[in-house]
Amino acid sequence: MKHLSRDSRHPVSFELNGRVVEGFSEPRMLLCDFLRHEIGATGTHVGCEHGVCGACTILIDGKASRSCLMLAVQADGTEIHTIEGLTRPDGSFGILQQAFHENFALQCGFCTPGILMSLSEFLKDNPDPSVEEIKVALSGNICRCTGYTEIINACLDAAAALRASKAEAV
Amino acid sequence: MPEFVLPEEIREGDTHVGRRMLRIEDRSLLRGEGQFVDDVPVKKGTLQAAFLRSPHAHAEIVSIDTSEAEKLPGVFAVLTGREAAEQTDPLIVGFENPIDYYGIAVDKVRYVGEPVVAIAAVDRYRAEDALELIKVVYNVLAAAIDPVEAASEDAPLLHPRSDSNCVSKRNFVHGHPDKAFADAEHTTELTVRYPRNSITPMETYAVISEHNEETGGFDVLSNFQGPFSVHTVMALALRIRTAALRHRSPKNSGGSFGSKLVIFPYIVVLCVLARKARRPVKWIEDRLEHLSAASVAPNRVTRTEAAYNSDGIVTALRLTHWDDHGAYLRAPMPAPIYRMHGVSTNGYNIRNLEVTNHIMMTNKCPTGAVRGFGGPQLYFAVERMMHKISTELGIDPLDLMQRNMIKADQFPYKAIAGALLDSGDYLKTIEETVSEGGLDALRQRRDEARAQGRLYGIGFAACVEPSQSNMGYISTLKTGMERERAGPKDGAVASVTVSVDALGSVNVIGDSVPQGQGHQTALSQIVADQLGLEPNDIVVSLDTDTAKDGWSIAAGNYSCRFAPASASAAHQAAFRVREKMARIAALRLNVPPGDIEFSGGKIHAANNKDNAIPFYRVGGLAHWSPSSLPDDVEPGIRETSMWNAPELTPTTANDEINTSLAYGFGFDFCGVEIDRDTGVVRVDRYVSAHDCGTILNPGLAEGQIRGSWASAWGATFLEEFCYDDDGAFRSGSFAEYLVPTATELPDFQLVHPTPHPSPYTRLGAKGIAEGNQYTTPVCVANAVADALGIEDIQLPLKPAKVLQWMQVAEPAPSQGGTTAIAIEGKSSAIDGSGDMHVPASPQEVWDLLLDPDQMARLIPGCERLEQSGDGRFNGTVMLGVGPVKGRFEVAIELTDLDEPRRATLTGTADGPLGSSRGQGSFVIEPDETGSTVRYDYTVELSGKIAAVGGRLIKGAARQLIDRFMRSLVKQAGGGTESEPGPQRSGFLGWLRRIFGGRP
């Protein structure tokens, strides 16, 4: 394992939503802090910093991960997807975003980035999920505004839309 | 979902109000482009703040040494409470009281998590590094924790300027309760304890403060939610003109549920810190800080007495409340208890009432607003009592409730404590809910379950749901004479500004400080209707700026203010714009202004749509051609409504108060089943109905109800801030303070009863966001009472607690007597004892134990240990559990020395992770091959280490002590030691060790 000196800043580079981004980080800097304050990708939110609330969930090499439980330097060389990458190139909503919109599946929107990323990973492997399966997929994300019902409905709608469109990404 | 019926004037034509319009807010939020405080770009050079917080519930601050912290590179300012107190005045509350509160501890700490030192450094990481270098010496005091015990004479006193922890006691008599109790056929009583909880928004507190040399004041950006009456409190504390405190809030706030009201003490401290640092300072609260020290709803003990007759009619209620506000009062506390005063009799026609309010100080986190604001506590007491009376009379609980309900022809109904209930038909709402929700089928289900020997119960609860608070209600706490001296306080002004520019574009700003409720969407619907436009034509900006917006003291987002107040203000402002534009258009169209209509982006004659002028043209005339306007019409189009309702009158001489403007009605029933083996209470079926008058947008309204259900279910089953008897805080992470996730939250049936619009709001709308906070906890509690046949139900319904009730439910439950207020004993102490054989003589063992060098080798993680006096040792120890590691300053004292036989050992360990105090003793006895050492110990933990990992830490501490004893044996010459271990053995002991059960 590479040893990084504690008091200096080290170059960190990864692919964020299809673009290479670069910055410098102390070894102890959390990935969520690096994303938000070094890169300026403030779409990912930080809710608890102890890995329970799920607001900071992002996809690292395709896997949903807590960006508050990982150091920025550990993300060097990875491929990261965040909420900012869900919007289509023409600026319109992707399938999951649209389903959230139509189902009133967000209120304050603070937990939403993590929930969207958890579900985008989930739907990739579960094109036709049951309500129970969706609940389990959401169990690592806390939402205090909605009561989850609208989120579950949005996920069902998104799954149906995905199946109909045969699209691969949400 | 059935259609909502709208009032006549709104139903005319095709209105946007009432439509399930999709949210405007989603456009940015779903793209990750929201703007929360921490997303707002800051000036280069902005510092980050962090707070050193008290590990103790109650202690004198003997000394604070910040010298090492100040030397750390990157640290710009260090602020102690004493220094802050020199530069600010105490934060005032609405009545004379003995509390000097500065938002940061001065000389004394009064709860775990209280700020002691604030630091500003180049980033949060360095600020936290600096915290670890601060040395604080505390003199720990006994803590007052239980609100009833705290009132006793020998309780530890929090505030020295008072002779009691009860800082306000008021008695209210409405009607003739004494006579009603004397005349009643029956009386009964029930004491309930409502727990301490919050709704913990996903976004924590966030503040950016900066000193402004031009004004001598401060510029602040934060997620403060109002009421803006608190703006005055901040400015007074900072000793600046109110206008020199410029507060802005960004357009998004990540939920609040009331909690972001009491962010204001932090704002004051951070202003002082920024001035000292001479730089902007930003503070983003972390989750441990939020859970331990932000805001909670007051827990409350209520003794309810009722007088009733054999026909089930309740003639009088007597409510005695002990409202636990923690360590300090922060404005507008103790508002929750007074906000509900007018509706103390809920939706019942009870004409005799006595209320006694004790406002209690304890060594816990100070309180603030939490969704429901005094309602859950009150209705838990009242609705549990209705259930108890029904049981005593053998009448069905719903039947009893219906017999006492206010009837439709009594509206508007003046409740005995002063609430003017505006509209409703409670019996009809119940009837519709029972029918649509299938109560008959549920009763059958209960009968079937019981026939099979299962524990099944049905519960009911009703609530009057107040919205738009009267800003004068807190004055009810004062006596009539005090009120007269202070001058009248009443009303609740809401402000919305609508402007139309030269191209006819419409801009709306308002004072509602949304936190996710969709206010932008609803306001665009209201204004579009008035101006004949589409909601998409309206730009609504709800970020706030006290230097530029129209606002008054009631501004903000609390107590369901939006639907009655902000919606009315928007309606009125848009109506004024419409009137002005109609006058301008009338001149062009040659018809009287009264005959002008707005639709489809045009302004036209009512009887001839072709006689029209485009909306944008009138906007253009108002800006580009003042000369073409009617003589008395000012140029430009910008109307601000400062809307108020005349029904919000001040407290009367008899202490009657119309606490809110509009009162909705909620009614719930549910079926629960209790698992006999585990004590788990499962909600089998839940039905909830809400009459909140006009629904502005069903999508938004339903979201509020479902959200309220979720947090109310959490309060019922999971959520509680736990403190030990010594005040140690136990709920510092989301692993300890449990909140509902998708997997455990059950669904429920939402019934839409016939709405009864408010006659006092411009659109007939009432609040809707708090109903389930009132009904759900007590509805489920009533169902549990029905299932178990007991009345002493305490939330949250944790299985272990329910199991205990099931054990005592077998014999008949005993109730009553004024001594019924039992205090639940709790202790976090880690204790244990053991013995072992050491292959050395007692004298050898003794010498070992008293030699600091030897001990330094034996104590796990010991870096240094020195003798500092006779029997006194000081040192540093590095201890950790998993990834949590910290350095502790250790002080040990040996007393009662009886060489080489016995000694008593007391010690403390203090560090950034918290603090611990311990006591132990050992006895050395000679045996055949050396000595036997018998020992026992008790260790108490406090601070961060206790808050985030109580259960883990307990196990770890036991292991450390065991390791120490083993090392001792080894050091003394090895050999075979008997297994040291905790006192308990067997399967139960093993379970307790694993799960850290309390002794």
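Values below: all heavy atoms of this structure, side chains included; hydrogens, waters and symmetry mates excluded. Here is how names work: the chains are called A, B, and so on, in the same order as the sequence lines, proteins then strands, and each is numbered from 1. These figures come from a predicted structure and were not determined experimentally.
- E203(B) touches chain A through backbone and side chain together, each having a heavy atom under 4.5 Å away.
- Contacts between I115(A) and chain B at a heavy-atom distance below 4.5 Å are absent for every atom of the residue.
- Across T149(A), I151(A), L138(A), I134(A), the residue that shares the most heavy-atom pairs under 4.5 angstrom with chain B is T149(A).
- Interface check for chain A: of the options L291(B), I284(B), D39(B), the most heavy-atom pairs under 4.5 Å are formed by D39(B).
- Both the backbone and the side chain of F734(B) come within less than 4.5 Å of a heavy atom in chain A.
- Contacts between Q97(A) and chain B at a heavy-atom distance below 4.5 Å involve backbone atoms as well as side-chain atoms.
- When each of R124(B), M202(B), R27(B) is scored by its heavy-atom pairs under 4.5 Å with chain A, the top score falls to M202(B).
- In this structure, chain A has no heavy atom under 4.5 Å from any part of S28(B).
- The candidate with the highest count of non-hydrogen atom pairs below 4.5 Å against chain A, out of L700(B), T204(B), T200(B), is T200(B).
- Both the backbone and the side chain of E84(A) come within contact range of chain B, judged by heavy atoms closer than 4.5 Å.
- With rounding to the nearest 0.5 angstrom, the CZ atom of R144(A) is 6.5 Å from the CD1 atom of I199(B).
- Under the 3.5 Å distance criterion, the side-chain polar atoms of E770(B) are matched with a main-chain donor or acceptor of C560(B).
- With no hydrogens or angles considered, a side-chain donor-acceptor pair links Q515(B) and N557(B) at under 3.5 Å.
- Contact of E744(B) with chain A is not made at all, since no heavy-atom distance falls under 4.5 Å.
- H290(B) and Y205(B) have their aromatic ring centers within a separation under 6.0 angstrom.
- With respect to chain A, the highest number of heavy-atom pairs below 4.5 Å among L745(B), T743(B), L288(B) belongs to T743(B).
- Distance CG/N697(B) to OG1/T521(B): 7.0 Å, rounded to 0.5 Å.
- With a threshold of 4.5 angstrom between heavy atoms, N772(B) does not approach chain A through any atom at all.
- Atom CD of E150(A) is separated from atom SG of C145(A) by 10.0 Å, given to the nearest 0.5 angstrom.
- Here the straight-line distance linking atom CE of M117(A) with atom CG of N141(A) works out to 11.5 Å at 0.5 Å rounding.
- Of the charged side-chain nitrogens involved, at least one lies within less than 4.0 Å of a carboxylate oxygen, so that R126(B) and D123(B) count as a salt-bridged pair.
- When all heavy atoms are compared, the tightest approach of H50(A) to A735(B) is NE2-N, 4.4 Å.
- For the pair R706(B) and F748(B), the cation-pi criterion (under 6.0 Å, within 45° of the ring axis) is fulfilled.
- Looking at L116(A), only its side chain comes within 4.5 Å of chain B, counting heavy atoms on both sides.
- The choice from L106(A), V52(A), I152(A) that makes the most heavy-atom pairs within less than 4.5 Å of chain B is L106(A).
- Annotation: maximal heavy-atom pairing with chain B below 4.5 Å, among L96(A), T112(A), N103(A), D33(A), occurs at D33(A).
- Residue S733(B) touches chain A through both its backbone and its side chain, counting heavy-atom pairs closer than 4.5 Å.
- How far CZ of F104(A) is from CG of L22(B): 5.0 Å, rounded to the nearest 0.5 Å.
- Put simply, the side chain of S256(B) gets close to the backbone of K260(B): a donor and an acceptor are under 3.5 Å apart.
- For W713(B) and Y686(B), the ring centers are positioned 6.0 Å apart or more.
- Y125(B) does not carry R28(A) over the face of its six-membered ring by the limits of under 6.0 Å from the centre and within 45° of the normal.
- When atom types are taken as modelled, the side chain of H101(A) and the backbone of A99(A) share no donor-acceptor pair closer than 3.5 angstrom.
- With a 4.5 Å cut-off on non-hydrogen atoms, S139(A) touches chain B through its backbone and its side chain both.
- Per-residue counts of heavy-atom pairs under 4.5 Å with chain A were compared for E25(B), R371(B), Q517(B), E719(B); the largest is that of E719(B).
- Note that the SG atom of C108(A) and the CG atom of N252(B) stand 8.5 Å from one another [nearest 0.5 Å].
- With respect to chain B, the highest number of heavy-atom pairs below 4.5 Å among R36(A), E26(A), M29(A), H37(A) belongs to R36(A).
- Interface remark: of the candidates D38(B), I705(B), L29(B), D38(B) forms the most heavy-atom pairs closer than 4.5 Å to chain A.
- For residues 53-82 of chain A, a heavy-atom distance under 4.5 Å to chain B picks out C53(A), given by residue number.
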